[in-house]
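Lettering of chains follows the sequences in order, A, B, ..., and the numbering in each one begins at 1. Every value quoted in this text rests on a predicted model; they were computed, and no experiment measured them. Worth knowing before you read on, the calculation uses all heavy atoms, side chains too, and leaves out hydrogens, waters and symmetry mates.
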There are 2 protein chains.
Amino acid sequence: MHVSPNVETRPFRKLCADHGLAATHQRQVLYEVMQTMPGHPSPEEVYARVKKRIPAISLATVYKNIHLFVERGVLKEVSMHHGSLRVELNSHLHHHMVCSHCKAITDIEEKDLGVLPTLQRLPGGFQVERYAIDVIGICAACQKAKRG
Amino acid sequence: MHVSPNVETRPFRKLCADHGLAATHQRQVLYEVMQTMPGHPSPEEVYARVKKRIPAISLATVYKNIHLFVERGVLKEVSMHHGSLRVELNSHLHHHMVCSHCKAITDIEEKDLGVLPTLQRLPGGFQVERYAIDVIGICAACQKAKRG
DNA sequence: TTGACGAACAATAATAATTATCGTTTACTA
DNA sequence: TAGTAAACGATAATTATTATTGTTCGTCAA
């Protein structure tokens with residue numbers, strides 16, 4: 001039996017090839033579902049949607065592929081430091097540098113960041129309390145390790 | 001038996017009074033321990049330290065009081081959206097508004113933020129990949145609910 | 001196309017992080 | 001100092017995530 005190729009699959013196969021990923025059915029549905037979820041879905045939410053199209057899919061598959069997509073730059077983490085609650089004494093004004101490799105968090109003075117956003121009226125009448133800026137990149141130690 | 005009052009307790013009792021908290025021994029030790037931890041400790045790390053001074057303390061007490069301290073402004077959360085992994089399609093440049101009340105996350109265009117930090121050499125040879133800015137405040141719905 | 005091989009999958013057990021419950025103890029107020 | 005609500009400790013329960021394992025599937029060479 002001959003089946004005509006699904007034109008919709010080609011961009012996805014290309015995207016996988018470009019990122020060094022095997023183009024599996026599960027990944028394609030996961031990706032297509034995410035395109036219909038413009039917000040910031042959790043793995044559980046994605047799983048619930050994907051399950052409608054692939055009832056047999058495993059939650060672990062969703063987790064693994066989300067991580068893989070993030071690793072390859074197809075998806076982006078909204079927060080670099082979820083995982084466990086981190087707190088600090090509410091002292092002077094500073095922000096954070098987060099290493100995307102080892103996840104280490106370092107303080108950075110606001111003045112070392114350069115010009116900052118000016119407080120202003122934001123869309124939707126959002127009432128601003130403060131800014132929290134994460135500078136995401138590679139810390140010195142990880143740079144060294146990668147070169148080494 | 002007469003015991004002279006510990007001078008160190010007074011600032012803490014004042015701090016509690018100022019924030020409407022009962023000044024318990026556990027809270028005092030928790031607070032003092034956090035003063036000796038300048039980084040971004042997790043609840044488990046704080047618990048381990050506090051346990052050295054109050055071996056009978058419960059982990060749940062540490063969690064409850066950390067949350068209470070955050071709620072009252074004594075401590076600050078390093079990330080407003082830890083908890084569960086959140087991802088988004090790696091599309092155009094934007095940042096996030098996070099409601100400190102309901103935790104809702106909304107996108108905001110970079111241009112709507114005003115002037116941004118200029119990329120520059122950062123302390124410790126940190127190699128910058130990108131910025132992630134959270135504008136923390138109260139969303140319109142929560143403002144309404146509080147007034148209502 | 002076909003067959004081998006490694007990657008990906010589903011199922012599920014295990015772990016980590018956090019919250020809820022409940023009986024007891026403690027701090028604050030009159 | 002006694003009454004009362006809040007806080008505490010112990011621990012069960014829940015939620016989020018990761019690891020394991022046996023099976024299936026996608027890719028590439030013949």
Side-chain angles (χ1 to χ4, degrees), chain A residues 1-3 5-6 9-10 12-31 40-48 50-51 53-72 74-75 77-79 81-87 103, chain B residues 5-6 9-10 12-31 40-48 50-51 53-72 74-75 77-87 103:
Chain A
M1 171 178 30
H2 175 261
V3 178
N6 179 350
T9 68
R10 277 186 303 193
F12 178 73
R13 297 190 71 84
K14 174 99 171 59
L15 180 137
C16 284
D18 290 346
H19 290 89
L21 295 168
T24 69
H25 180 51
Q26 286 85 346
R27 279 175 192 163
Q28 177 164 11
V29 172
L30 181 57
Y31 181 74
H40 316 92
S42 68
E44 284 286 348
E45 288 164 353
V46 173
Y47 174 62
V50 171
K51 213 171 167 59
R53 286 179 55 186
I54 313 178
I57 200 168
S58 167
L59 177 59
T61 300
V62 172
Y63 268 97
K64 274 183 292 194
N65 285 315
I66 285 177
H67 283 314
L68 208 49
F69 280 159
V70 168
E71 196 177 293
R72 303 301 170 88
V74 177
L75 294 179
E77 290 184 74
V78 171
S79 174
H81 33 80
H82 58 93
S84 103
L85 175 63
R86 297 296 170 130
V87 290
K103 311 291 181 187
Chain B
N6 180 351
T9 67
R10 276 185 304 192
F12 178 72
R13 296 190 70 86
K14 175 97 170 65
L15 181 137
C16 284
D18 290 348
H19 290 90
L21 295 168
T24 69
H25 180 50
Q26 286 85 346
R27 280 174 190 164
Q28 176 163 11
V29 172
L30 181 57
Y31 181 75
H40 317 91
S42 67
E44 283 286 349
E45 288 162 354
V46 173
Y47 174 62
V50 172
K51 214 172 166 58
R53 288 180 54 188
I54 312 178
I57 200 169
S58 168
L59 176 59
T61 299
V62 172
Y63 268 96
K64 275 181 291 193
N65 285 313
I66 285 176
H67 284 313
L68 207 49
F69 280 159
V70 168
E71 196 177 294
R72 304 300 172 89
V74 178
L75 295 178
E77 288 184 75
V78 171
S79 174
M80 292 302 293
H81 32 79
H82 59 91
S84 104
L85 175 63
R86 298 294 170 133
V87 291
K103 310 291 180 188

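OP1 or OP2 of C:dA27 has not a single side-chain nitrogen or oxygen of B:Gln26 nearer than 4.0 Å. In this structure, B:His67 reaches the C:dT19 phosphate: one of its side-chain N or O atoms is under 4.0 Å from OP1 or OP2. Between B:Tyr63 and C:dT18 there is a side-chain N or O to OP1 or OP2 distance below 4.0 Å. Regarding contacts with the backbone of D:dC25, every side-chain N or O of A:Arg27 stays at 4.0 angstrom or more from both OP1 and OP2. Within the structure, a side-chain polar atom (N or O) of B:Arg13 is placed less than 4.0 Å from OP1 or OP2 of C:dC28.
Here the closest non-hydrogen pair linking B:Ser84 and A:Pro43 is OG-CD, 4.4 Å.
The terminal axes of the helix from C:dT1-D:dA30 to C:dA30-D:dT1, fitted over 5 pairs per end, subtend an angle of 50° to the nearest 10°.
Among the nucleotides D:dG9, C:dA10, D:dA16, the one closest to the side chain of B:Ser58 is D:dG9. Counting only heavy atoms from C-beta on, B:Leu59 has its side chain closest to C:dT18 among D:dC8, C:dT18, D:dA16. When distances are taken from the side chain of A:Ser84 to each of D:dA7, C:dA17, C:dA10, the shortest belongs to C:dA17. Picking from D:dT27, D:dT17, C:dA10 the nucleotide with the shortest atom distance to the side chain of A:Ala23 gives D:dT27. Of the candidate nucleotides C:dC28, C:dA10, D:dA16, C:dC28 has the atom nearest to the side chain of B:Ala22.
The NZ-P distance, from A:Lys64 to D:dA19, rounds to 10 Å in whole Å.
Of the two residues contacting DNA chain C, namely A:Asn65 and B:Thr24, the nearest-nucleotide position lying further toward the 5' end is that of A:Asn65.
Atoms NE2 and NZ, from B:His19 and B:Lys14 in turn, are 9.5 Å apart once rounded to the nearest 0.5 Å.
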